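Taking it in order: structure first as structure tokens, then the write-up.
Keep in mind that what you see is a predicted model, and the values were worked out from it rather than measured.
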Amino acid sequence: MLTTPLKKCIRSTSIRALTQRPKVAFGRPFVSSSRALQNAGVRQPPHSDSVHFPGALNSKFSNTLKFQKSEDTPAIPTYRLIDTNGALLDTSREPDLSKEKALKMYRDMVATSVMDLLMYESQRQGRISFYMVSAGEEGIAVGSAAALADNDIIFSQYREQGVMMYRGFTLDEFMNQLFSNRFDYGKGRNMPVHYMSERLYLHSISSPLATQIPHSVGAAYALKLSGENRIAVCYFGEGAASEGDFHAALNIAATRSCPVVFICRNNGYAISTPTLEQYKGDGIASRGVGYGIDTIRVDGNDIMAVMEVTKQARNIAMTSQKPVLIEAMSYRVSHHSTSDDSFAYRAKVEVEDWKRRDNPITRMRKWLELRSWWSADEETQLRTNLRKEVLQAFARAEKEKKPAIKNLFLDIFEKPSEDLNEQLQQLKRIIEEYPDEYDVESYEGGKNGL
Ligand SMILES: Cc1ncc(C[n+]2csc(CCOP(=O)(O)OP(=O)(O)O)c2C)c(N)n1
């Protein structure tokens with residue numbers, strides 16, 4: 001039963017009320033939850049062929065019984081700015097980019113790929129326990145990061161090294177995490193590649209797929225309420241987009257009008273699962289439209305297109321306070337991780353073809369060379385220097401001690417519980433009783449680090 005004031009409120013609501021400027025709370029337009037109730041009171045204009053069933057306000061009546069078929073709907077186009085030879089496809093759309101910034105973007109893509117190659121090899125040698133490269137996806141990461149504000153809040157999956165590189169995560173910071181040494185911000189508790197940085201507004205990566213998507217929406221909602229001049233940005237793969245969290249997140253982002261840019265890296269595979277087995281629709285982009293979210297598909301090998309698209313997406317999210325979805329197309333030229341041999345489920349020739357056909361790094365290099373901003377000598381110099389810098393950071397991180405053993409028990413709760421303190425003492429007693437069984441000296445403070 002509705003109460004009388006509520007009935008009155010519903011009766012007095014018109015379409016105009018729905019389109020009026022929303023109330024402002026904490027500095028940003030705020031959609032109140034009573035809006036849902038207002039929907040129920042939409043008036044039906046007499047003799048209109050439009051239905052105003054509250055669930056689909058713009059649907060017209062039809063006496064043709066016709067199912068909508070996804071195959072009849074044209075696929076969303078893939079936006080590009082430069083072709084595979086680095087030439088601008090439309091000269092009226094010259095990217096707004098200084099030489100200095102372009103060279104930083106190029107350097108960060110190359111740095112990501114040099115670090116990836118060396119770290120992949122170091123895992124094969126057993127020096128680190130695990131690694132994931134982002135080969136073929138450097139353009140998505142660096143291109144999008146270059147279009148964001150330095151303090152936009154970032155949520156990643158695990159293949160976004162280029163975003164961190166562009167933000168200023170240093171090679172030492174990468175290596176400290178990969179070695180779980182005493183300088184690792186995660187105190188050695190997570191697997192390699194699960195980076196984080198409070199300084200750079202990079203939320204910690206965690207393994208359960210897609211959980212970061214609703215987190216990013218929550219962060220965006222908080223930014224909206226506090227009236228801050230920044231947005232949340234969330235990266236994920238097309239495989240992760242099959243999780244329930246993707247649905248929950250995009251739906252709430254749309255209905256609560258949250259300033260978040262979703263960036264889906266569609267690289268064709270989720271470990272061994274090709275996209276043909278992942279979904280039947282037109283990729284991830286077609287879903288955005290279904291949620292009422294402004295959406296675009298972009299060529300992820302074209303760093304300029306990714307940058308321009310992200311710039312505009314950020315602008316929409318910031319000025320209109322609503323979500324935007326970008327689906328960036330690419331191909332995962334690497335194995336999924338060091339625990340995967342992708343030739344068990346795809347032909348080597350497929351991968352080799354892709355490598356030869358297109359690549360975000362060579363495409364940008366050609367673009368730079370067309371402008372005489374880059375030369376073969378500079379390329380050799382850059383790669384030699386980067387290799388040296390990565391190996392030096394690697395050596396520094398490898399010889400550092402691990403975090404003090406007590407960190408195993410800290411940060412589970414804000415303060416350790418009595419049980420945890422008791423377990424810590426118990427571990428201390430066991431280590432003292434069996435000193436030869438534990439390698440405590442590689443941890444900061446050794447036994448006293450407990
Ligand atoms: C909830 C959950 N299910 C399964 C996994 C195992 N898993 C790790 S990565 C991955 C594939 C993800 O593919 P995609 O999102 O397309 O990203 P990509 O690896 O291609 O970059 C899976 C299934 C996981 N980490 N979390």
Side-chain angles (χ1 to χ4, degrees), residues 1-2 6-7 9-20 22 31-79 210 213-214 217 236-258 260 262-264 266 268-270 273-299 309 313 316 320 322-329:
M1 273 291 277
L2 293 176
L6 200 55
K7 271 190 202 154
C9 159
I10 290 172
R11 235 179 285 128
S12 65
T13 308
S14 65
I15 299 233
R16 190 145 32 86
L18 286 176
T19 54
Q20 271 166 1
V31 184
S32 90
S33 58
S34 63
R35 185 72 77 80
L37 292 171
Q38 291 167 2
N39 254 350
V42 175
R43 292 222 192 98
Q44 310 293 321
H47 314 301
S48 167
D49 67 341
S50 290
V51 264
H52 287 141
F53 287 125
L57 285 174
N58 297 322
S59 175
K60 293 211 160 74
F61 281 119
S62 161
N63 44 19
T64 310
L65 195 164
K66 182 174 179 280
F67 286 89
Q68 304 296 317
K69 294 195 168 189
S70 74
E71 59 262 36
D72 294 343
T73 312
I76 294 174
T78 305
Y79 176 74
I213 317 180
V217 178
F236 50 89
E238 89 288 343
S242 293
E243 286 288 345
D245 274 348
F246 168 88
H247 162 70
L250 269 77
N251 197 44
I252 198 122
T255 51
R256 293 274 96 185
S257 299
C258 300
V260 51
F262 300 111
I263 303 182
C264 176
N266 189 336
Y269 285 93
T273 307
T275 48
L276 286 175
E277 290 176 33
Q278 190 69 247
Y279 50 72
K280 282 297 234 183
D282 176 27
I284 309 305
S286 64
R287 298 182 202 167
V289 187
Y291 288 112
I293 292 179
D294 290 359
T295 298
I296 194 164
R297 175 175 284 151
V298 65
D299 180 348
V309 157
I316 297 170
S320 311
K322 61 181 191 179
V324 182
L325 171 63
I326 299 171
E327 184 183 23
M329 311 310 288

Which heavy-atom pair separates [X] from [Y] by the least distance, and what is that distance?
X      : Y      : answer
Phe236 : Leu325 : CZ-CD1, 4.3 Å
Ala240 : Ala210 : O-CB, 3.6 Å
Val260 : Val217 : CG1-CG2, 4.5 Å
Phe262 : Ala249 : CZ-O, 4.3 Å
Ala270 : Gln278 : CB-NE2, 3.5 Å
Asp294 : Ile316 : OD2-CG2, 3.8 Å

Can you tell me how far [atom2] of [Y] sits from [atom1] of [X], rounded to the nearest 0.5 angstrom?
X      : Y      : atom1 : atom2 : answer
Ile284 : Ile263 : CD1   : CD1   : 14.5 Å
Thr275 : Lys280 : OG1   : NZ    : 11.0 Å
Asn58  : Phe53  : CG    : CZ    : 14.0 Å
Leu250 : Asp245 : CG    : CG    : 11.0 Å

Asp282 and side chain to side chain contact (heavy atoms under 4.5 Å, CB included): which partner among Glu327, Arg287, Arg297? Arg297
What orientation do His247 and Tyr291 show, parallel under 30°, tilted 30 to 60°, or perpendicular over 60°?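 Ring orientation of His247 relative to Tyr291: tilted.
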Donor-acceptor contact below 3.5 Å, side chain Thr295 vs main chain Ile293: yes
